[in-house]
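Right, one structure below, let's go through it.
The chains referred to below are lettered A, B, ... by the order of the sequence lines, with proteins before strands, and numbering in each begins at 1. Just so you know, these numbers come straight off a predicted model, no measurement behind them.
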Amino acid sequence: MPELPEVETTRRGIERSVTGRTISGWIVRDHRLRWPIPAGLEQELTGQRITRVGRRGKYLLIYCERGALILHLGMSGSLRVLKSSTPTTKHDHFDLLLDSGRTLRFNDPRRFGSLHWTTADPADHKLLRDIGPEPLEPAFDAQYLYRASRRRKVALKNFVMNAHVVVGVGNIYASESLFRAQLRPGRRASSLSRRDAGKLVRAIKTVLRQAIRVGGTTLRDYVGADGSPGYFRQKLFVYERAGSPCRVCHTNIRRVTHGQRSTFYCPKCQQ
DNA sequence: CAAAGGTCCTGCTCGC
DNA sequence: TGCGAGCAGGACCTTT
């Protein structure tokens, strides 16, 4: 999916168009997502003003006067700001109509996305309650990651992709961050030294920040709120580069599988 | 046919 | 023996 940089790009992309606007309508065309879109939201939402657009991990938070929408883009979801008269296409699941004559439209072919409504603090929601720190916040530091990795037998790659350890790092950025930190993805998490933990934390922060700066990574479906792709794909060092020479040492990049997901690394740069 | 950016849930194993 | 945490695998989908 959309990993953290793509979700953050979407957040920034919709922020200006929706903040302060009043919701004038709600249309559900296909309620089938990871969980069915809650019924009765039209009553709930119509007439409310949107106060803020936030993000927690890969979840977008659309705060309204009397509650908040919690939206996940899943593997193939995208959220766009369009004129409400724009014709719909396949896999358009819902429209959040605004008093500006525009609409927030969610499209998701694979239906792994989700939408929840809460009148409580989203941080207390079941989906968000127990997840790890934000990778770009100071709380995510070498000491935290080092401690969290003690006695953990999983591969480092799976460890950093675990949302209970740190949020927002998915398959692309896990491989890219481990390359930048010069660490083998298949190593046991427990083998991290304090120094390695520091390198990995810095690598994750740098990679995510750089990706956000260029609007994320577009491989297939992903587009930002204005329909434009992200440009980080051109900056990838290892992801989807199996068989191609490493951009640093020219050794061929390898692809292996960890927990049914592809992992890419340079056998020379990453030890 | 395989694989594609996510993550929740289940059931098993391991170690205290 | 019992318990909880950690871990692997399955499940959910459509498209290329």
Scan A:Y59 against the nucleic acid and name what it touches under 4.0 Å (heavy atoms): base, sugar-phosphate only, or nothing. sugar-phosphate
Sequence neighbours excluded, every pair satisfying salt bridge (charged side-chain N to carboxylate O under 4.0 Å, His left out) that has a member inside residues 163-191 of chain A: A:R187-A:D196
If you compare every side-chain N and O of A:R261 against the phosphate oxygens of B:dG6 (OP1, OP2), does one of them come in below 4.0 Å? yes
Does a nitrogen or oxygen in the side chain of A:H72 sit under 4.0 Å from OP1 or OP2 of B:dT7? yes
Calculate the interatomic distance between A:K58 atom NZ and B:dC8 atom C1'; express it in whole Å. 13 Å
Select base, sugar-phosphate, or nothing to describe what A:R255 touches, counting heavy atoms under 4.0 Å on all strands. sugar-phosphate
If we only count heavy atoms from C-beta on, is the A:V169 to A:L4 side-chain gap below 4.5 Å? no
Using distance alone, with no hydrogens and no angle criterion, decide if A:K157 and A:N171 have a side-chain donor and acceptor under 3.5 Å apart. yes
A:S177: which residues meet the side-chain hydrogen bond (donor to acceptor under 3.5 Å, both in side chains) condition with it, sequence neighbours left out? none
Should the pair A:F232 and A:Y173 be assigned to parallel (<30°), tilted (30 to 60°) or perpendicular (>60°) ring geometry? tilted
Which donor-acceptor pairs under 3.5 Å do the side chains of residues 113-126 of chain A make with protein atoms, sequence neighbours left out?
residue : atom : partner : partner atom : Å
A:T118  : OG1  : A:A120  : N            : 3.0
A:D121  : OD1  : A:A123  : N            : 3.0
A:H125  : ND1  : A:L127  : N            : 3.0

Quick one: how far along DNA chain C does chain A reach, first to last nucleotide 5' to 3', anything under 4.0 Å to a heavy atom? C:dG6 to C:dT15
Taking atom C1' of B:dA2 as reference, at what distance in whole Å does atom CD of A:Q260 sit? 14 Å
Taking only residues two or more places apart in sequence or in another chain, which ones pass side-chain hydrogen bond (donor to acceptor under 3.5 Å, both in side chains) with A:E15? A:R11
Taking the same atom, P, in B:dA3 and in C:dG9, what whole-Å distance lies between them? 15 Å
Remember a base hit wins even if backbone is also touched, and classify A:R111 as base, sugar-phosphate or nothing at under 4.0 Å, heavy atoms. sugar-phosphate
Checking A:R213 now: which residues fulfil salt bridge (charged side-chain N to carboxylate O under 4.0 Å, His left out) with it, not counting sequence neighbours? none
To the nearest angstrom, the OH-P distance between A:Y173 and B:dA4 comes to 16 Å
Identify the residue among A:E8, A:E3, A:E6 that makes a salt bridge (Lys or Arg N to Asp or Glu O under 4.0 Å) with A:R55. A:E8
Is the count of non-hydrogen atoms from other residues, nucleotides or ligands lying under 6.0 Å from A:R150 atom CZ greater than 12? yes
Starting at CZ of A:R110 and ending at C1' of B:dG6, how long is that distance when rounded to a whole Å? 9 Å
Which pairs, with at least one residue in residues 235-254 of chain A and sequence neighbours excluded, count as a salt bridge (charged side-chain N to carboxylate O under 4.0 Å, His left out)? A:R220-A:E240, A:R233-A:E240
How does protein reach along nucleotides 9-16 of chain B, written 5' to 3' as B (base within reach of a heavy atom under 4.0 Å), S (only sugar-phosphate), or - (no contact)? S----SS-
Does anything in residues 25-49 of chain A form a side-chain hydrogen bond (donor to acceptor under 3.5 Å, both in side chains)? List the pairs, not counting sequence neighbours. A:R29-A:D95, A:D30-A:R32
Given atom CG of A:L127 and atom P of B:dC8, what is their separation to the nearest angstrom? 6 Å
I'd like to check the salt bridge (charged side-chain N to carboxylate O under 4.0 Å, His left out) partners of A:R21; sequence neighbours left out, ordered by chain and number. A:D99
Would you write the dot-bracket representation of DNA chain B, where each base gets (, ), [, ], | or . depending on whether it forms a Watson-Crick or G-U pair under 3.5 Å and with which partner? .|||.|||||||||||
So A:R32, base contact, sugar-phosphate only, or nothing? Heavy-atom distance under 4.0 Å. nothing
What is the separation between atom CD on A:E6 and atom C1' on B:dG6, rounded to the nearest whole Å? 12 Å
Between C1' on B:dG6 and CG on A:N158, what's the gap in Å once rounded to a whole number? 13 Å
Checking side chain to side chain contact (heavy atoms under 4.5 Å, CB included) for the pair A:S149/A:S190: CA distance, chi angles, key distance, verdict? CA-CA 5 Å; A:S149 64; A:S190 59; over 6 Å; no
Nearest whole angstrom, please: distance from the C1' of B:dG6 to the NE2 of A:H164. 12 Å
Determine the contact category for A:G259: base if any of its heavy atoms lies under 4.0 Å from a base atom, sugar-phosphate if only primed atoms, P, OP1 or OP2 are that close, otherwise nothing. nothing
Please verify the inter-ring angle class for A:F106 with A:H93; under 30° counts as parallel, over 60° as perpendicular, anything in between as tilted. tilted
Close residues, residues 205-224 of chain A, relative to DNA chain B [heavy-atom separation under 4.0 Å]: A:R220, A:D221, A:Y222
